[in-house]
Enquirer: 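Just passing along the structure, written as structure tokens.
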Amino acid sequence: MTVTPEDDFAQWYQDIVQKAQLAENGPVRGTMVVRPYAWRIWELMQGFLDEMFKETGHENAYFPLLIPQSYITREADHIEGFAPELWTVTQGGGKDLEEPAVIRPTSETVIGEMMSKWIQTHRDLPLLLNQWANVMRWERRPRLFLRTSEFNWQEGHTAHVDKADAMEETLRMLDVYETFAVRDMAVPVVKGEKTPSERFPGAENTYTIEGMMRDGKALQSGTSHYLGTKFAEAFDITYQSRENQRELCHTTSWGVSTRLIGAVIMAHGDAKGLVLPPRIASHQVVFVPVMAHKAPEVADEADRLAKELKAAGVRAHVDHRDQKPGFKFNDWELKGVPLRIEIGPRDLEAGVVTIAQRLGHDDEQGNPIKDAVPTGELVAHVTDRLVAYHDFLLQRALDFREANTKQVDNWDDFVAQVKTGWASVLYDGTEETEQKIKEATSATPRCIPSDFPAEDGACFVTGAPSAFGKRVIFGRSY
RNA sequence: CGGCGUGUGGCCUAGCUUGGUAAGGCGCCUCGUUUGGGACGAGGAGAUCGCUGGUUCGAAUCCAGUCACGCCGACCA
């Protein structure tokens, strides 16, 4: 790495993405090629999320990439929000299509259409679906992982008998996202509701988890929407109730995307490169054999120990490349591997291996402290160490966020605070005020945090009575 | 989409002002020596200079257009 995050965060981010071989631009503007090292991270993320989706009763299905253009226009707010972002297919087989098809920007419409066919009675509810898919939205200013024209995600779509049930689902899935962010990505998030101006097009309520990146900006990391009966009305999603009445379903949708990889990069990375939290690290442990060309038993021992670790459920990798150890140390640090194990003749002699941790276990010069661990204790040591390392990363991120979040009650403090972090404020909740704040500082309301205490007062901008009954977090965002 | 900037082997850059047929570093290949914090030597491969057109005897260089990328803004789950 030649640029530090402090020097130039945007450049640093791009360097990591390129040098750690995570992704690059595809040949069509705004598209992204995800390289194997990053796709593995996504697979691990998918694994944890999919398990939780299933535990909460959801089933995976798959719906078409192409949606009849007319579907998109059926819900007024939805089309208004997505019209500028649509990619449209007008030809097939060299002929103009009778009706152009849009490439899904999200699938509420096509899934709503199917739901209306599948749901007859209250006994069919709730209908709990999820799909893993790619979607496309025209983006004027693409950034790898954070905002690309095509991206991969999951989108959950559910239908319920009433508002209470749908709202419970909306908040349940928001909790799932929070659990995932904290437990698997070591990224603390603020959970809360979006203000009306930031709502998903077509939603009654939008909820979000917001993570703080190491430049103090917010990244919206997952959203969950209560859609009310808007899509049910547009797609005729109805059921017959116990009372033999025709009722509209209340629907929800919720999603997270490969943007989460961007969150991990920016929430944990440092001047040496990527820092991967162990639960989603492509390799949790990498062995670097030393002097293997002269002492073949070194490589054999590394292979044997890696096998032992794999049997214990640890993702271990042996770096057999023909490079000097120093090169490999730097390379794996750049790639964010949690633990590196050096093994050479000296270690073999002593019956130990030498372990270095990517972050948080350094001497005064900032060099990693290397610990000798007896070979027989390796599996237990690594297993414990990975858990402790996760906790360390989470705490570090939490400390950073707290150090960069302040309650402010006047304009000057606000302007200063959102330059480097988040401000929690009382404001009047109007779009005019939000606009004024945005124009002056480029900060926007991130969310109304669920766990903030009730509080009322005067808007720090206009002096009018504050809205939402509590403080709202403002910050610059991606 | 607006403003600014940048496009030269895989990567980073020099050359452009003053036109004459592309240079260096890193990386890559081969061989040898090396291996506990980014090795060294020797030999080698690799670019019609983003693209299109124009001016010219001749264009990386001048002109026009266009595409892509970056930053800021607008817009945006």
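Predicted model, so just to flag it, every value in this text is computed and none were measured. In what follows, every chain begins at residue 1, and chains take the letters A, B, ... in the order their sequences are listed.
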Enquirer: To the nearest angstrom, how far is A/Asp7 atom CG from B/C71 atom C1'?
Expert: 16 Å

Enquirer: Run the side-chain donor-acceptor check on residues 102-109 of chain A: report pairs under 3.5 Å with partners two or more places apart or on a different chain.
Expert:
from, atom 1, to, atom 2, distance (Å)
A/Arg104, NE, A/Asn134, O, 2.6
A/Arg104, NH1, A/Tyr62, OH, 3.3
A/Arg104, NH1, A/Phe63, O, 2.8
A/Arg104, NH1, A/Pro64, O, 3.4
A/Arg104, NH2, A/Tyr62, OH, 2.8
A/Arg104, NH2, A/Asn134, O, 3.2
A/Arg104, NH2, A/Asn134, OD1, 2.8
A/Thr106, OG1, A/Glu108, OE1, 2.5
A/Ser107, OG, A/Gln131, NE2, 3.2
A/Ser107, OG, A/Glu155, OE1, 3.4
A/Ser107, OG, A/Glu155, OE2, 2.7
A/Glu108, OE2, A/Ser253, OG, 2.6

Enquirer: Starting at CZ of A/Arg141 and ending at C1' of B/C71, how long is that distance when rounded to a whole Å?
Expert: 7 Å

Enquirer: Please list residues of residues 177-202 of chain A whose heavy atoms come under 4.0 Å from any atom in RNA chain B, ordered by number; otherwise none.
Expert: A/Glu198, A/Phe200, A/Pro201

Enquirer: The criterion is ring-ring contact (aromatic ring centres under 6.0 Å, His included); which residues satisfy it with A/Trp422, sequence neighbours excluded?
Expert: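 By the ring-ring contact (aromatic ring centres under 6.0 Å, His included) rule, A/Trp422 matches no residue at all.
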
Enquirer: Using a 4.0 Å heavy-atom cut-off, write out nucleotides 32-44 of chain B from 5' to 3' as B (base contacted by protein), S (sugar-phosphate only) or - (no contact).
Expert: ---BBBBB-----

Enquirer: How would you list, by chain and number, every residue that makes a side chain to side chain contact (heavy atoms under 4.5 Å, CB included) with A/Ser450, sequence neighbours excluded?
Expert: A/Lys191

Enquirer: Using whole Å, what does the distance between atom C1' of nucleotide B/C76 and atom CD1 of A/Ile79 come to?
Expert: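 Going from CD1 in A/Ile79 over to C1' in B/C76 covers 15 Å.
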
Enquirer: Using whole Å, what does the distance between atom P of nucleotide B/C12 and atom CG of A/Asp15 come to?
Expert: 10 Å

Enquirer: Kindly confirm or rule out a cation-pi arrangement of A/Arg471 over A/Tyr427, judged by NZ or CZ under 6.0 Å from the six-membered ring centre and within 45° of its axis?
Expert: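 Output no; distance or angle outside limits.
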
Enquirer: Determine the Euclidean distance between corresponding P atoms of B/G50 and B/A39; express it in Å to zero decimal places.
Expert: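 Per the computed distance, 33 Å lies between those P atoms.
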
Enquirer: Kindly assign one of parallel, tilted or perpendicular to the pair A/Phe231 and A/Phe235, based on the angle between their ring planes and the thresholds 30° and 60°.
Expert: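 Ring orientation of A/Phe231 relative to A/Phe235: parallel.
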
Enquirer: Measure from CZ on A/Phe151 to P on B/C76 and round the result to the nearest Å.
Expert: 15 Å

Enquirer: Which whole number of Å gives the distance between the C1' atom of B/A47 and that of B/C11?
Expert: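 My reading of the C1' atoms in B/A47 and B/C11 gives 13 Å.
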
Enquirer: Who passes side chain to side chain donor-acceptor pair (under 3.5 Å) against A/Arg385, sequence neighbours left out?
Expert: A/Gln357, A/Asp371, A/His381

Enquirer: To the nearest angstrom, how far is A/Asn25 atom CG from B/G50 atom C1'?
Expert: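 About 14 Å, once rounded to whole Å.
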
Enquirer: Please report the distance separating the P of B/C49 from the corresponding atom of B/A22, rounded so that it comes out in whole Å.
Expert: 11 Å

Enquirer: Taking the inter-plane angle between the rings of A/Tyr177 and A/Trp254 on a 0 to 90° scale, is it parallel (under 30°), tilted (30 to 60°) or perpendicular (over 60°)?
Expert: perpendicular

Enquirer: Rounded to whole angstroms, how far apart are CD on A/Gln18 and C1' on B/G10?
Expert: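 Answer to the nearest Å: 10 Å.
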
Enquirer: Taking the six-membered ring for Trp, are the ring centroids of A/Phe145 and A/Trp42 within less than 6.0 Å of each other?
Expert: no

Enquirer: Taking NZ from A/Lys217 and P from B/C76, how many angstroms apart are they, rounded to a whole number?
Expert: 17 Å

Enquirer: Please state the C1' separation for the pair B/A68 and B/U52 - nearest whole angstrom.
Expert: 14 Å

Enquirer: Determine the Euclidean distance between corresponding C1' atoms of B/G7 and B/C16; express it in Å to zero decimal places.
Expert: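 B/C16 and B/G7 have their C1' atoms separated by 14 Å.
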
Enquirer: Using atom P in both nucleotides, what's the gap between B/G20 and B/C26 to the nearest angstrom?
Expert: 28 Å

Enquirer: Apply side chain to side chain donor-acceptor pair (under 3.5 Å) to A/Lys194 and list each qualifying residue two or more places apart in sequence or on a separate chain.
Expert: A/Glu210, A/Gln220

Enquirer: Check side chain to side chain donor-acceptor pair (under 3.5 Å) between A/Gln11 and all other residues, then give those that pass, not counting sequence neighbours.
Expert: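 Testing A/Gln11 for side chain to side chain donor-acceptor pair (under 3.5 Å), a comparison that skips the adjacent residues, returns A/Asp15.
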
Enquirer: So A/Trp153, base contact, sugar-phosphate only, or nothing? Heavy-atom distance under 4.0 Å.
Expert: base

Enquirer: With A/Tyr478, which residues qualify under ring-ring contact (aromatic ring centres under 6.0 Å, His included), at least two apart?
Expert: none

Enquirer: How far, in whole Å, is B/G10 from B/U17 if one measures between their C1' atoms?
Expert: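 The same atom, C1', in both gives a distance of 31 Å.
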
Enquirer: Got a sec, which residues hit ring-ring contact (aromatic ring centres under 6.0 Å, His included) with A/His225, two or more places apart in sequence or on another chain?
Expert: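 Result, ring-ring contact (aromatic ring centres under 6.0 Å, His included) vs A/His225: A/Phe200.
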
Enquirer: With rounding to the closest Å, how many angstrom separate the P atoms on B/U61 and B/C76?
Expert: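 Pairwise P distance, B/U61 against B/C76, rounds to 41 Å.
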
Enquirer: If you assign each of A/Thr31 and A/Gly81 to its closest nucleotide in RNA chain B, which residue comes earlier from the 5' end?
Expert: A/Thr31

Enquirer: Just checking A/Tyr207: base, sugar-phosphate only, or nothing, at a heavy-atom cut-off of under 4.0 Å?
Expert: nothing

Enquirer: Look at A/Arg140 and B/C76 and indicate whether a side-chain polar atom (N or O) is within less than 4.0 Å of OP1 or OP2.
Expert: no

Enquirer: Go through RNA chain B and write down every stem, that is, every run of at least three consecutive Watson-Crick or G-U wobble pairs with distances under 3.5 Å, as range with range.
Expert: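 Detected stem regions: B:1-7 with B:67-73, B:10-13 with B:23-26, B:28-33 with B:39-44, B:50-54 with B:62-66.
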
Enquirer: How do A/Arg143 and A/Ser221 order along RNA chain B: which one's closest nucleotide is nearer the 5' end?
Expert: A/Arg143

Enquirer: Among residues at least two apart in sequence or on other chains, which ones pass ring-ring contact (aromatic ring centres under 6.0 Å, His included) with A/Phe48?
Expert: none

